[in-house]
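Right, one structure below, let's go through it.
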Amino acid sequence: MNHLKVKETKCEYRKNPLGLDVPNPRISWTIDADRRGTLQQAYRLQVFLSKDDLENTFWDTGKIDSEQSIHIEYNGPKLTSRTRYYYRVKIWDHFGQESDWSELAWWETALFHWSEWKADWITPNPNEIDPLAEQAFLLRKQFELNKRIKSARIYATSAGLYELSLNGERVGDELLTPGWTSYDHRLQYQTYDVTDQLLQGANALGIALADGWYKGDLTWLEKRHLYGDRRAALLQLHIRYEDGTEEMIGTDSTWKSSTGPILMSEIYHGEVYDARLEKNGWDSSHYDDTDWKGVVTYTLPMDHLIAQENWPARVTEKIKPVSRIVTPAGDTVLDMGQNMVGRIRLKVTAPKGTRISLHHAEVLDKEGNIYFGNLRKAKQTVEYITKGEGEEEYAPYFTFQGFRYVKVEGYPNQEKDLPLENFFGEVIHSDMEPTGEFECSNQMVNQLQQNIVWGQRGNFVDVPTDCPQRDERLGWTGDAQVFIRTALFNYQGGPFFTKWLRDLKADQRSNGSVPFVVPNALKDYVSSMWGDETYTSSAWGDAATVCPWTLYLCYGDKRLLSEQYESMKAWVEFIRSQGENEFLWDAGFHFGDWLALDAEEDSYFGATPVHLVATAYYALSARILRDAAAVLEKEEDFAVYSKLVDGIIANFNKTFISADNHMIAKTQTANTLPLMFDLVEGDVRKQIAHDLNELIVKNDYHLTTGFVGTPYLCIALSENGYHDTAVKLLLQETYPSWLYSIKKGATTIWEHWDGIKEDGSFWSDDMNSFNHYAYGAIGDWMYRFIAGLDMDEAKPAYKHIRIHPRINGGEMTFVRAKHNSMYGQIVSAWSLSDENITIEVNVPANTKATIILPFAQLKSVKESGVLLPDVEGVSNVNQIEEGVSLEAGSGTYRFVYQNELILNSKK
Ligand code: RAM
C-alpha cells in the first residue's frame, strides 16, 4: 500500500473560518502521497450539521470523477446564518487507491442578510460626552443569563476602531478592527466565539472605541472625519442555551458610556494613555456605573455590513530591542534591529504620574541622531502616564508605528540604564499564512529577500499601503499592482486581495476610472487639485486588471475573476474613451515611471514619456481582459478585446518605435515595457532587447528605472537573452542598486534608490519612506528566474509547474526557493560544485512539472542515482538547447549531472 492522504483542507483559503457570509463557500485540499506521479482521479466531499453524527450528511457529492482539488464549490441546500458546517473529503488517485477521510474541518456562517441585524448603532450621548473629543470612548452593558449556555457568538463592528471585552477579558486577539474598507459602501463585522467567556449569572460587555481610519486624521492634508464625524458601535451577542432556546443581547439605548484612560489615539500620531484614569473593572459585572453617561442610538447604513473578508491584523511576532543608544544629541534611543511596523509593549515600575514617551522613527541621520523628518506630520508618539501601583504594562490600542528606533523619554533612570527586557516590539499586520522562502549563497541577496518580506509585512496592515510611517499610509494602487506577484509568493494573499479588490470595485467611478488610492481617501484632494474627481493614472488604475488576474494565475481564483470582470472591463473601456485614438492612451495625467533616476532635477516624473507608459499598460490591461473573457467563456468579449489588443499593439509600434526598430525614447523603462508586455516581436524585439542591454552596459550595469520599469527590468532581460546582465543588476552593490541600500544598513525596501545618499545625507524630508515595498517587486524575478520556480499560465495555480533555474551569470553557488501553492509545497533548488550541478525539485501531488536542467547533457544526468530517462515519474526527456527538458509527476527529485558550465568556461 502506498501512502495517500488528504493533508490539509481549507475553506475560502482558511482553516476553519469563523463567520463567513459566502453563500457557496469553496473547499480546497492538498494531498500527501508517497508514490511519484500521483494525480487525483476522483473525490467525495461530505458536509454535516453535527460533528457527532456522521451518518447524517447535509450534503454529499458522492464520488465525483475529477482532478479538481481546489475551489470546489459548496452546492448543497441553502446555508443558514449562524451555523457551523462540518466537512470532510476523501480522494482516489489514478492508480486506483482510495484515501481515508480527511480530518473533520468546518466553516461557520455569519449573518447572510443585513436584516438580521436587530441591534442599534450606539454612540455616547452627545449632550453628555463631546462626540468630537479626542478620548477613546468606553461603552458597557451588564446583563444576566440564567440558563445553561451551549454556545455564544458576538458579531460586532464600529464606525471607528473597536476592541471588545467580556467579563474583564479581551474578546479575540484581532487588532484594528473592523479594518479599513471603502466605508461608504462596505463595512466588515467580526465574529467571535465567546462560549467560554460567558458566565451563567451576571455578565458585562465592554467596547472601547477610537477614531481610526473612519474619522481620525487621514492623508497628508490633515483631513479628519473622512467618512463621518461620529464614532459608533454595533454588536449582537447571540446565545444558544442547552434547552434549545436562544437569546440576543445587542447594542441599544440601555448601554452606558464614559471616557477612560485613552486620551488620544490616532493612526498616524500614536496614543496617549493615562493609567490614572483607568476604570477598574468597567468591563466586569458588579461594577458601579452610576456616574456613567448614557448612549443614543444612531443611524448608519445597515446594508453596508459584510462579514470579515480579510485575514485579521494581529501581533505576529515579538522582537526584542538589540541595543540602547545614547545619541550625540543626548537622546536615549532603543534600536529594534529591524525596521518594523507595530507597537512597543513596555513594562515599568514608577511613581504615580510618571510620563513616559516613545517617539518612533525609521533611521538615524549621518551624525547618529534619531531622524523624524521623513514622517512629515505623523507624530508617531506614544505616551504612557503611570498609576504608580507596582509593575505596569502597556501597549497602545488603536494605532501602529513604522520604526526601527524609539526615542524614550521619562523612563525611570533612563540616563543610567534602560532595562531592554522591559520593551518588546510587537509586529502587527494582516495575519496571512507565510507561503514562500528564498535563500541563496549570497548573504546580501538573502538580506534583500528579508527586506522584501518585511516590506510586505509592514505594508499589509489590512490594506496594501505605500508606506507605514508618514502621514500617508494609503492604498496606492500602482504600488499594489507592481508588487502583487511577489507578495503572493511570500504570503497567502487570497483573502487580503479579495477584500481590497472589492473595495477597488466599490470606489471605481461610474465612468470606469480607478482612484489613485483604495480605499479612496484622496477623493476631495483630487477634485480640488484637478477639478475632476475621476482623475486616474496608468500603471496605478491598472490594479483593476492586474490584481484579479494575478490572483487567478496564482490561486486559480476564477470566482473572484468573474466578480471583478465588470470592473476590469469598465477600466479598459474608460481608457478607450480617453483621447482621440481609441488604440492609444495619449491624454491626461499620469505618474509615469514615478521616481525614476532619469527624471529632471527636482522632478518625480521619470524621463520615459508618460503616454508610452500609458499605452503599454493599456495593452496589458486589454490583454488581461481578453484572456479573462476566454477563461470566463465570454466569446463576444473575447472577439472584441482581441481586436482591441491587436489595435493597441499596432499603434504602439507605429507611435513609439522608429522605422529602424529602436524605441524613440532612449530610456531603460521605455525599452523594458514592450518586451515585458509582449508588444514587439521578431527583429524589433531583438533590437529592443539589445538596446536595453546596451543602455545598462553603458551605465556600468546600473539601473535608472522608477516604479514602472524596476519591477520588470530583470524579467525583460532574462527572457530576451540577457540574463547575465539581469544578475549583474541584482548583485550590483554601488548606487543605484538593490544591494546599495543593504550596504547602507536597510532592513526594508526604500521608496527612493537614494533615500540615504553615499555621504549619509538624506534624499529629502519630503517623500522619503524607508519602508516602501514597490522596488521589492524584484522578488518575483528572483523566484521565477534565479530559482526557476514558475508556472504554466494555461494551467493556473501551479497545476502545471515550470521549473527552469537560471544558474549562470553570477557567483552564486546555491539557490533554494519554496512556495506553498494551493496544491502543496513546490521546491526548486540548485547548487553548483566544480564537478556537478544538482537540481532538487518537489512537485506536489495532483500537479505535474516541466523541468529544465540547465547546461545538462542527457547522458550524464542521474536522478537519485539512476540515469535518465529510466526514472520513475519522469517522461518526455529531451536534449534541448538550454540543457535537458523533461516532464515529472509529483514527488521529490534530485538530479545530478556534470557541470558543463565550468567545463565550457575552461575550454
Ligand atoms: C507617493 C508614494 C506612492 C506612489 C505615489 C504616486 O505618494 O510614493 O508610493 O504610488 O506617490
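Atoms within each ligand, like the ligands themselves, are counted from 1 in listed order.
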Distance alone, cut at 3.5 Å: any donor-acceptor contact between the side chains of Trp549 and Asp627? no
Side chains of Ser182 and Arg186, donor plus acceptor under 3.5 Å: no
What pairs of residues pass the side chain to side chain donor-acceptor pair (under 3.5 Å) test when at least one of them lies in residues 593-602, not counting sequence neighbours? Asp593-Thr669
With rounding to the nearest 0.5 angstrom, report the OG1 to CD distance, Thr710 to Gln668. 8.5 Å
Applying salt bridge (Lys or Arg N to Asp or Glu O under 4.0 Å), can you list everything that pairs with Asp184, at least two apart in sequence or on another chain? Lys523
Can you list the residues that meet the side chain to side chain contact (heavy atoms under 4.5 Å, CB included) rule with Glu580, with sequence neighbours excluded? none
Could you please provide the protein residues found below 4.0 Å of ligand 1 on a heavy-atom basis, arranged by chain and number? Asp466, Arg470, Glu472, Trp476, Asp479, Trp540, Phe591, Trp594, Phe707, Glu751, Met767, His772
